[in-house]
Amino acid sequence: MDFRKSDLKTEHKKLEKIREIHIESTYFDLEKTLYCGQAFRWRKAGDVFYAPIDHSVVVARKTAVTSTIQTNKTESYIFEIYGDDFTKEQLITYFDLNRDYASILEEISGIDEHLKAAVLYGKGIRIMRQGLVEMLITFILSSNNNIPKISMTVEALCEKFGDALGVYNGEVLYSFPTIAQLSDASLEDLNVKAIGYRAKSLYATVQLLLNSQLDLNEPFRLSHHTSVEWLKQFHGVGNKVANCILLFAYGDYEAFPVDTWVKRMLNELYGVEKKHEAFVESYFTKFPGIAQQYLFYYIRKG
DNA sequence: TTTCAGGTGGTGC
DNA sequence: GCACCACCTGAA
């Protein structure tokens, strides 16, 4: 019999609370932000959301909602930080809370009626700023795949190659593995749950990062179009995946990922049957990435 | 049992 | 350039 897993669980030191961060913000809805398709590791237990970020465990809950006369909500949240420290400044960067969404959404709403409805429906969504390696690998695993299965594979990868951070809500949480932690893995080793043929892409990507001088910070210095081409040198990264990585890791708001849902939406709402990318580039000229995320949420959930 | 799912890369024209 | 199609796997 194999007791290893439960033994390990009891061995994990109790997560120590480092700090509490209070966030008050308009145009910030945590649940929508976490579950609009950009994040894969956040879990919900009751009214609490939690996830590993770097080597911290972050636990969040909403504490209050106050409305002004103009129906503008201000939401209050408490974030508890366990394990490694994670500062308020880091949290604000992670959820991009310093950006003026009021004016951005107003601009986007002005484009047409569809966007106006999408913005109204998705109000509170923020484009997160997540880790470069985490987004690169996660979106390589996302191709021809669905969210539950992507999460499954990501967690399996973290459990096998990441660091155990501690137990929360009865489960061990693991950090996302670094390239160094994946460096010794053979193709066989990378064959974790539900990964399938994507293991080859992951293996090739890890090897390329190890054996080249490629610096994942490069897209910060390049134009949007050059960044897309730069990211496509990694196996398993095509236009859609490159745009997701640029939007969710690099904060490149020119990125506009076009997947099967967005294609369907472009067809149904705008009559675009092909050359989607050309249409997108000429039509969504104001914060394309944010417009895309609101439209995506609108058609998926609305 | 079959089909489909938040694409990509290889092939053929 | 552009249109096909194989591809791992879990869920319905």
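Protein chains get the first letters and strands the later ones, always in sequence-line order, with residue 1 at the start of each.
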Between the side chains of A/Y294 and A/Q292, is a donor N or O closer than 3.5 angstrom to an acceptor N or O? no
Would you classify A/K275 as touching base, sugar-phosphate or nothing, given that sugar-phosphate means primed atoms plus P, OP1 and OP2, and contacts are heavy atoms under 4.0 Å? sugar-phosphate
Using a heavy-atom cut-off of 4.0 Å across all strands, would you classify A/K149 as base, sugar-phosphate, or nothing? base
Ring centres under 6.0 Å, that's the criterion: do A/Y253 and A/F284 meet it? no
In this structure, how many angstroms lie between the C1' atom of C/dC2 and the CD atom of A/E273, rounded? 16 Å
Backbone of A/K263 reached by a side-chain donor or acceptor of A/N267 within 3.5 Å: no
How long is the line joining NE2 of A/H235 and C1' of B/dT8, in whole Å? 8 Å
Any N or O donor-acceptor pair linking the side chain of A/Y197 to the base of B/dG9 at under 3.5 Å? no
Pairing partner of B/dC4 (Watson-Crick or G-U wobble, both distances under 3.5 Å): C/dG10
Take atom CD1 of A/I150 and atom C1' of B/dT8, then tell me their distance rounded to the nearest Å. 14 Å
Round to the nearest Å and state the distance from A/N144 atom CG to B/dG10 atom C1'. 15 Å
How close or far is atom C1' of B/dG6 from atom CZ of A/R198, stated in whole angstroms? 11 Å
Which nucleotide, if any, forms a Watson-Crick or G-U wobble pair with C/dC5, using both distances under 3.5 Å? B/dG9
Under 5.5 Å and under 30°: A/F296 stacked on B/dG6: yes
Using atom P of each nucleotide, how far apart are B/dT2 and C/dA6 to the nearest Å? 16 Å
Run the numbers on A/E171 and A/Y50 for side-chain hydrogen bond (donor to acceptor under 3.5 Å, both in side chains), then give the verdict. CA-CA 11 Å; A/E171 61 170 330; A/Y50 62 97; 2.7 Å; yes
Is A/K200 close enough to C/dC8 that one of its side-chain N or O atoms is under 4.0 Å from OP1 or OP2 there? yes
If the P atom of B/dT3 is compared with that of C/dC5, how far apart are they to the nearest Å? 15 Å
Atom CD1 of A/I245 to atom C1' of B/dG7: distance rounded to whole Å? 12 Å
Over all strands shown, is A/G236 touching base, sugar-phosphate only, or nothing at heavy-atom distances under 4.0 angstrom? sugar-phosphate
Any salt bridge between A/E155 and A/R43, counting N to O under 4.0 Å? yes
Using the P atom as the reference point in each nucleotide, state the distance between C/dA11 and B/dT8 in Å, no decimals. 24 Å
Taking atom P of B/dG7 as reference, at what distance in whole Å does atom CZ of A/F139 sit? 11 Å
Within the 4.0 Å heavy-atom criterion, would you say A/V262 contacts the bases, only the backbone, or no part of the nucleic acid? nothing
